[in-house]
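These notes are about the structure you will find just below.
Positions are given from 1, in the same order as the sequence printed here. As the structure is a computational prediction, the values presented were derived from the model and not from experiment.
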Amino acid sequence: MKSAGRRTESTGQVDFILLVIILAMLLFGFVMLFSASSPEASESGIMRALIKQFIITGVGLGAMIVAMTYDYHNYKTKSKAIITAMFIVMIAVPIFGFASHGATRQISLGFISFQPSEFAKIAIVIYYATRYSDKKNQNLTTDRRNIAISFGFMLAFCATCLLQKHMSAAIILALISIMMMLVAGFSMKLTVLGGLLLAGVGSIFIFTEEYRANRILALFKPFEYKRGIGWQIVQSLFAVGSGGLFGLGLGQSRQKYQYLPEVQNDYIYAVICEELGFIGGIAVIALFVLFIWRGMSIALNAKDRFGMLMAFGITSIVGLQMLINIGVVLSILPSTGMQLPLFSSGGSSMLATLWGMGILLNISKSSKVKKL
């Protein structure tokens, strides 16, 4: 009877509101990415860059459709295999990966390269959702062995990120893990203590690397170091400030012309604000807020605990990355190399994000959330 019920749930209607929000973000992001990367694309060929982005987006949409039609309950039975394989790949990155911008975060398969840490975010959500999905396991949130295992997995994955010199991925994995523990039933005191311990260990890595310490220094005194370590922050603030209320116009950014580094990646939100102004910047935030609202509604109305935890985790990944990216652009947070989901360039980020959104759409089929 349970399997029959599960088949009935999986054939339900996806949340149309969420689907429209995702497609709107994807379209908006595609337009702004093309605008932000146009100076670089003009040198290598605009059509080539456009075709490349079309292919990445198409593959990402394919991944979303597959995940949208694949019963999310199947991830529960494959959880151990997924998390084990992901951990092995993460360990392999510093050994077999290739260096870029002073860090080794990607593995090349010859015809394509990918960044495993993007997929590790979804894998760790699947792991924690599986671990705390059954009622008989809910009492384990006060069990010392279970606590040690839960925090151990988090520390192990964060360690692989630090070996890759990928602090932003370590931060996201730690935050997601702690948030899922809280939702699963861990006490606030325990998770706060665990978070403080992790922050203490992380600060050691920050201040033992000069470039990371410089990012903290640049955050507080960007204009004092505007010709050096504060360059990115100052140029980002110039871009955001010059946009005014309505912006300079689509495609009219000045900062993207070799003033603002990594403009199509970490600082694409600055170009959005420069070209579309305060209105455009708020529109982007509004889309993410709508996504978070809908994702959390699906989580709260999920048919089972596993679906609730999965939906919460995936929605949190997108929300946290948005907050960190925009916080960096507005000089609220130090530079971390965090991308803006569905807006920044990067094939791995696009594929992992749309895979997660496909899972969320699949969960929405059996969710009691009101659909159109």
Subject >> Output field: ring centroids Phe343/Phe30 closer than 6.0 Å >> reply: no
**OP:** Can you establish whether the number of heavy atoms outside Phe114 located under 6.0 Å from its atom CZ is more than 12?
**Re:** yes
Original post:
Got Leu173 and Lys121 here, is their nearest side-chain heavy-atom distance under 4.5 Å?
Top reply: yes
Original post:
Between Asp71 (side chain) and Asn74 (backbone), is there a donor-acceptor pair under 3.5 Å?
Top reply: no
Original post:
Going only through I, L, V, M, F, W and Y residues with side-chain contacts under 4.5 Å, is there a path from Tyr70 to Leu354?
Top reply: yes
Original post:
Honestly curious: do Trp293 and Phe291 fall in one hydrophobic cluster under the side-chain, below-4.5 Å linking rule?
Top reply: yes
Original post:
Where the side chain of Ser236 meets the backbone of Gln232, is there a donor-acceptor pair that is under 3.5 Å apart?
Top reply: no
Subject >> Residue pair Met179 / Ser316: nearest heavy atoms and the distance that separates them >> reply: CE-OG, 3.5 Å
Subject >> Side-chain donor or acceptor of Asn362 paired with backbone N/O of Tyr72 under 3.5 Å >> reply: yes
**OP:** Please lay out, stage by stage, how Met308 and Leu300 fare under the test side-chain contact (heavy atoms from CB on, under 4.5 Å).
**Re:** CA-CA 6 Å; Met308 180 273 288; Leu300 290 172; 5.8 Å; no
Subject >> Student check: side-chain heavy atoms of Ile126 and Met310 closer than 4.5 Å >> reply: yes
Subject >> ILVMFWY cluster, Ile326 and Ile279 together (side-chain gap under 4.5 Å) >> reply: no
Subject >> Polar side-chain atom of Ser367 near backbone of Ser364 as donor-acceptor pair, under 3.5 Å >> reply: no
Subject >> Side-chain touch Met167/Cys161, heavy atoms, less than 4.5 angstrom >> reply: no
Subject >> Check: Met338 and Leu333 side chains under 4.5 Å, non-hydrogen atoms >> reply: no
Original post:
Is there a path from Tyr259 to Val240 through hydrophobic residues (I, L, V, M, F, W, Y) whose side chains come within less than 4.5 Å of each other?
Top reply: no
Original post:
Does any N or O in the side chain of Ser348 come within less than 3.5 Å of the main-chain N or O of Gln115, such that one atom is a donor and the other an acceptor?
Top reply: yes
Subject >> Same cluster (ILVMFWY, side-chain, under 4.5 Å), Ile282 and Leu27 >> reply: no
Original post:
Can you check whether Ser253's main-chain N or O pairs, donor with acceptor, with Glu275's side chain at less than 3.5 Å?
Top reply: yes
**OP:** Taking the side chain as every heavy atom from C-beta outward, state whether Phe87 and Thr160 have any pair of such atoms under 4.5 Å apart.
**Re:** yes
Original post:
Any idea which heavy atoms bring Ser344 and Leu33 closest together, and the distance?
Top reply: C-CD1, 4.3 Å
**OP:** For Ser242 and Ala239, indicate whether the former's side chain and the latter's backbone hold a donor-acceptor pair under 3.5 Å.
**Re:** yes
Original post:
Minimum heavy-atom separation for Gln255 to Phe238, with atom names?
Top reply: NE2-CB, 4.1 Å
**OP:** Assert yes or no for the condition that the ring centre distance of Tyr132 to Phe186 is strictly below 6.0 Å.
**Re:** yes
Original post:
How long is the span from the CD atom in Gln339 to the CE atom in Met350, to the nearest 0.5 Å?
Top reply: 9.5 Å
Subject >> Interatomic distance, Lys368 atom NZ to Ile298 atom CD1 [nearest 0.5 angstrom] >> reply: 15.0 Å
**OP:** Would you please test Lys256 and Ser37 for side-chain hydrogen bond (donor to acceptor under 3.5 Å, both in side chains) and show each step?
**Re:** CA-CA 8 Å; Lys256 66 185 179 184; Ser37 59; over 6 Å; no
Original post:
Does the side chain of Gln264 pick up a donor-acceptor pair with the side chain of Ser345 at under 3.5 Å?
Top reply: no
Original post:
Can you tell me how far the CG atom of Leu342 sits from the OG1 atom of Thr57, to the nearest 0.5 Å?
Top reply: 9.0 Å
Original post:
Could you give the distance from CD1 (Ile22) to OG1 (Thr353), rounded to the nearest 0.5 Å?
Top reply: 10.5 Å
**OP:** Would you please test Ser335 and Tyr267 for side-chain contact (heavy atoms from CB on, under 4.5 Å) and show each step?
**Re:** CA-CA 10 Å; Ser335 180; Tyr267 287 89; 3.8 Å; yes
Original post:
So, Lys165 side chain and Arg105 main chain: donor-acceptor pair closer than 3.5 Å or not?
Top reply: no
Original post:
Could you state the interatomic distance from CD (Glu274) to CZ (Arg254), rounded to the nearest 0.5 Å?
Top reply: 6.0 Å
Subject >> Pair Leu276-Met32, side-chain contact (heavy atoms from CB on, under 4.5 Å): steps then yes or no >> reply: CA-CA 10 Å; Leu276 304 181; Met32 295 312 305; 3.8 Å; yes
**OP:** Show your working on side-chain contact (heavy atoms from CB on, under 4.5 Å) between Lys80 and Tyr127 and close with a plain yes or no.
**Re:** CA-CA 7 Å; Lys80 288 184 179 179; Tyr127 168 76; over 6 Å; no
Original post:
When rounded to the nearest 0.5 angstrom, what distance separates CZ in Phe153 from OG in Ser177?
Top reply: 10.5 Å
**OP:** Would you confirm whether Asn325, through its side chain, and Asp266, through its main-chain N or O, come within 3.5 Å as a donor-acceptor pair?
**Re:** yes
**OP:** Side-chain contact test, heavy atoms from C-beta onward, threshold under 4.5 Å: evaluate it for Met322 versus Ile292 and give yes or no.
**Re:** yes
Original post:
Any side-chain heavy atom of Leu19 within less than 4.5 Å of one from Met64?
Top reply: yes
**OP:** Indicate yes or no: at least one non-hydrogen side-chain atom of Ile172 is less than 4.5 angstrom from one of Gln321.
**Re:** yes
**OP:** Compare every heavy atom of Ala36 with every heavy atom of Val263, then report the nearest pair and how far apart it is.
**Re:** CG1-O, 3.6 Å
Original post:
Between Gln164 (side chain) and Met90 (backbone), is there a donor-acceptor pair under 3.5 Å?
Top reply: yes
Original post:
If you take all heavy atoms of Ala311 and Gly295, which pair is closest and at what distance?
Top reply: CB-O, 4.3 Å
Subject >> Non-hydrogen atoms of Ala170 and Leu162 that approach each other most closely >> reply: CB-CD2, 4.3 Å
Original post:
Is the CZ atom of Phe278 crowded by more than 12 outside heavy atoms at less than 6.0 Å?
Top reply: no
